[in-house]
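First the structure, in the form of structure tokens, and then the observations on it.
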Number of protein chains: 4
Amino acid sequence: MGIRIPVFFRDLMSRIMTKPLAREERKKQLLDAAITCFGQKGYHATQISDIIETAGVARGTFYLYFQGKREIFDYVMTELFGQVQKEIKTIPKEALSEIPNQIRGNIKRVLTLLMNNPLLAKILMSESVGLDEELDSRLRTFYNHILNYIRRGLNQGQEMGFVREGHIEIMAVSLLGCMKEVLYQHLLGTEKATPDEMTEEIYRMVIGAVQKQ
Amino acid sequence: MGIRIPVFFRDLMSRIMTKPLAREERKKQLLDAAITCFGQKGYHATQISDIIETAGVARGTFYLYFQGKREIFDYVMTELFGQVQKEIKTIPKEALSEIPNQIRGNIKRVLTLLMNNPLLAKILMSESVGLDEELDSRLRTFYNHILNYIRRGLNQGQEMGFVREGHIEIMAVSLLGCMKEVLYQHLLGTEKATPDEMTEEIYRMVIGAVQKQ
Amino acid sequence: MGIRIPVFFRDLMSRIMTKPLAREERKKQLLDAAITCFGQKGYHATQISDIIETAGVARGTFYLYFQGKREIFDYVMTELFGQVQKEIKTIPKEALSEIPNQIRGNIKRVLTLLMNNPLLAKILMSESVGLDEELDSRLRTFYNHILNYIRRGLNQGQEMGFVREGHIEIMAVSLLGCMKEVLYQHLLGTEKATPDEMTEEIYRMVIGAVQKQ
Amino acid sequence: MGIRIPVFFRDLMSRIMTKPLAREERKKQLLDAAITCFGQKGYHATQISDIIETAGVARGTFYLYFQGKREIFDYVMTELFGQVQKEIKTIPKEALSEIPNQIRGNIKRVLTLLMNNPLLAKILMSESVGLDEELDSRLRTFYNHILNYIRRGLNQGQEMGFVREGHIEIMAVSLLGCMKEVLYQHLLGTEKATPDEMTEEIYRMVIGAVQKQ
DNA sequence: AATGAATGAGGGTTCATTCAT
DNA sequence: GATGAATGAACCCTCATTCAT
């Protein structure tokens with residue numbers, strides 16, 4: 001299985017020339033490989049072999065950094081959640097006139113991030129429901145963060161008189177759904193619009209859906 | 001020898017009338033078991049053992065009716081697609097004043113169906129992306145049917161002057177997303193509203209999102 | 001699986017028009033089907049399904065006539081052994097001048113039989129060694145019959161002064177091998193000669209191999 | 001850090017010199033086990049469990065070295081073919097007076113090899129016809145090699161005036177059959193002669209069968 | 001006698017994880 | 001720290017045989 005000499009050479013080189021990778025670096029290397037693999041094939045279809053091949057690391061090494069497949073998937077999720085959340089900025093209360101642009105900005109940043117990281121998007125959209133209880137709850141938590149952000153916006157809007165009365169909860173969920181679905185169909189290849197088009201249209205939908213008449 | 005004709009008659013009857021029925025019944029029994037299992041655990045985590053235990057048949061029996069796990073999953077998908085599509089009714093052009101109620105009706109029927117069949121909903125929401133190409137395309141087809149329905153409605157609305165101008169495609173996808181997400185969060189347990197509340201709120205979102213000012 | 005009405009019709013017809021097949025006829029029908037199948041695919045690759053399909057009989061019916069796969073294979077072997085042995089005629093002692101023709105005749109009859117029944121030949125040549133001890137011994141017995149015939153011929157020949165001295169046993173086995181191998185290569189498609197050519201050449205080999213100088 | 005170079009050196013040495021060897025050893029160990037099992041029970045009756053038990057390795061280990069049952073059987077066949085072919089030596093044209101001894105030598109070497117390796121012999125004699133097309137053709141190829149050798153010998157003999165005219169093809173096949181059958185009956189336990197006796201007798205048959213009067 | 005749906009033991013293969021070097 | 005050969009539980013599927021009708 002495979003060519004032996006190159007392995008030896010790679011090894012030889014790495015032993016002579018480089019100090020062992022710092023623990024965090026090596027972990028990141030594996031994490032990146034895992035994101036690639038999970039994104040391409042999904043959790044179940046991804047094998048440890050895929051990850052270590054992508055990372056260029058021996059089988060045993062993997063288990064020096066992660067307890068197993070489930071754990072690295074956990075780490076992947078956490079990493080991705082973090083990336084998305086970084087893009088969402090709370091709208092400051094005082095910048096009243098700026099609200100439309102802020103909302104637009106948030107929508108656009110998240111869409112752009114996800115459209116540029118299809119793997120990330122794919123994992124967020126499609127995986128993990130039903131994998132097991134613990135992961136489901138992690139996903140729930142993630143979307144709750146986002147929903148909270150939307151809820152706060154809607155409440156604020158109501159106070160300020162922009163947003164019509166109504167079931168805030170359902171409104172928030174619906175708005176989240178708009179964005180997820182546009183993204184999802186984009187992943188499926190159904191939808192070919194640009195981030196700007198998508199942002200603008202979603203913005204108009206969102207505004208229309210919740211504004212006072 | 002004995003009395004031959006009666007035996008033959010009973011047999012004839014049973015062959016024409018009952019046996020094929022029995023076959024379909026048994027198949028349905030397995031299909032139901034599969035829906036239950038896939039709904040609870042997802043495709044990958046579901047084992048043939050789960051399905052046959054749930055159905056209460058022997059291992060070999062399963063393979064008399066389905067070629068394997070993939071095939072029964074296909075059947076399950078087809079079945080579920082059919083159930084959802086049955087609930088969607090095309091709105092007749094002439095009943096102009098009836099349009100709001102018709103839309104409400106469609107939303108409510110689909111939501112009710114899916115809320116009463118959480119397994120069905122779960123499968124539609126969460127499975128199969130990334131499972132494999134063939135199944136992905138089946139899901140794509142399904143949602144395309146629904147999207148077509150929504151697109152037609154939006155186009156009609158534009159002609160009639162109800163619906164504002166805009167990127168029909170993204171609008172349609174967004175509306176689908178609203179409904180899917182409300183349902184999905186309901187499944188996750190985040191959202192506890194009743195079908196009526198959900199229907200009403202979604203209806204208002206949808207109308208607001210697309211109507212002319 | 002399959003068209004139901006025709007089955008019913010076939011059945012109906014057979015019930016109304018024919019009396020149930022006599023036990024021996026039905027058994028023969030199954031045996032013929034089995035010879036066909038074993039000949040085409042070998043013992044292991046032949047499934048009960050193949051046999052009953054070929055025979056046009058239901059699964060359960062098979063077990064009314066044979067205890068199982070092994071038993072019908074036993075019957076097949078016995079049947080084939082019988083056919084071959086029928087073709088071999090002992091050469092009468094007195095017909096001294098007739099010996100060459102008698103030998104030629106035996107060789108030709110057996111070759112012709114086997115070349116016209118490739119299934120029979122294939123089974124005799126290739127199957128059953130290693131299947132299990134009992135079958136092995138049956139095969140051994142069969143070839144012993146033939147070897148006995150050859151041994152007797154050689155002994156007689158020695159008494160009469162035609163056949164050189166030597167290890168009769170090995171000579172007999174070798175002669176059997178000549179014929180088996182020519183037949184076997186014929187089955188494999190290597191050898192395309194006619195029965196007459198083969199008979200003549202084998203006869204010359206046999207004679208040359210054992211005759212006194 | 002510690003002393004790095006020695007570790008690296010030991011490792012380097014072991015990678016280049018010992019590890020690959022170990023791999024081949026393990027493969028050989030499995031191959032030997034497979035030869036034993038296939039020889040004793042035949043292809044179909046041999047289970048992977050038999051092979052790994054005989055080899056004393058775990059189930060998964062088997063699949064590190066072979067893709068499956070079919071592949072290891074292929075390897076076994078190749079191995080055995082090689083062993084037999086090694087024993088056959090082409091007779092040099094010039095050594096005219098040596099021909100008888102050379103033929104005797106070939107016959108004896110092959111017989112001895114096969115009589116000392118009953119498993120090898122059993123596989124060559126009895127397996128694989130009808131197993132599947134690919135393996136059949138492999139066997140055909142093997143015997144063709146041997147037949148070619150015999151054909152060449154006969155042609156040479158005709159040119160030199162030793163061998164009578166006749167259908168070379170059938171003569172060659174017959175001679176092969178002599179040897180195969182003697183061996184086969186030896187395996188079945190019918191024939192108890194020593195290699196020397198068998199060699200001598202076969203030699204005389206062969207010579208008698210083909211020589212000019 | 002005939003049917004064919006149902007059975008379930010058994011076999012081949014996969015793959016996450018371990019551990020000696 | 002790094003390696004990768006070894007492990008074995010787990011899973012899918014087949015097919016000879018049974019038995020209620």
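Hydrogens, waters and symmetry mates are skipped; everything else that's a heavy atom, side chains included, is used. This is a predicted model, so every value here is computed, not measured. Order of the sequence lines fixes the chain letters, A, B, ..., with proteins taken first and strands second; residue numbering starts at 1 for each chain.
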> Who pairs with A:E53 by side-chain hydrogen bond (donor to acceptor under 3.5 Å, both in side chains), at least two apart in sequence or on another chain?
Replying inline: none
> With sequence neighbours excluded, what pairs up with D:Y75 under the ring-ring contact (aromatic ring centres under 6.0 Å, His included) test?
Replying inline: D:F66
> side chain to side chain contact (heavy atoms under 4.5 Å, CB included) with A:A55: which residues, sequence neighbours excluded?
Replying inline: A:Q29, A:L30, A:A33, A:V57
>> Going by side chain to side chain contact (heavy atoms under 4.5 Å, CB included), name the residues that satisfy it together with A:I48, two or more places apart in sequence or in a different chain.
In response: A:I52, A:R59, A:F62, A:Y63, A:K69
> Between which residue ranges does DNA chain F form stems of three or more consecutive Watson-Crick or G-U wobble pairs, both distances under 3.5 Å?
Replying inline: E:2-21 with F:2-21
> Who are the side-chain hydrogen bond (donor to acceptor under 3.5 Å, both in side chains) partners of D:E79, not counting sequence neighbours?
Replying inline: D:Q83
> Under 30°, 30 to 60°, or over 60°: which ring-plane class applies to C:F38 and C:F73, parallel, tilted or perpendicular?
Replying inline: perpendicular
> Just to confirm, is there a sub-4.0 Å distance from OP1 or OP2 of F:dC12 to any side-chain nitrogen or oxygen of B:R70?
Replying inline: no
> For F:dA5, does either OP1 or OP2 sit under 4.0 Å from a side-chain N or O belonging to D:T61?
Replying inline: no
>> Among residues at least two apart in sequence or on other chains, which ones pass salt bridge (Lys or Arg N to Asp or Glu O under 4.0 Å) with B:K28?
In response: B:D32
So which protein nitrogen or oxygen atoms get under 3.5 Å of nucleotides 18-20 of chain F's nitrogens or oxygens?
none

> Which of the following nucleotides, E:dT13, F:dT17, E:dA16, is nearest to the side chain of A:K69?
Replying inline: E:dA16
>> Using a heavy-atom cut-off of 4.0 Å across all strands, would you classify C:F62 as base, sugar-phosphate, or nothing?
In response: nothing
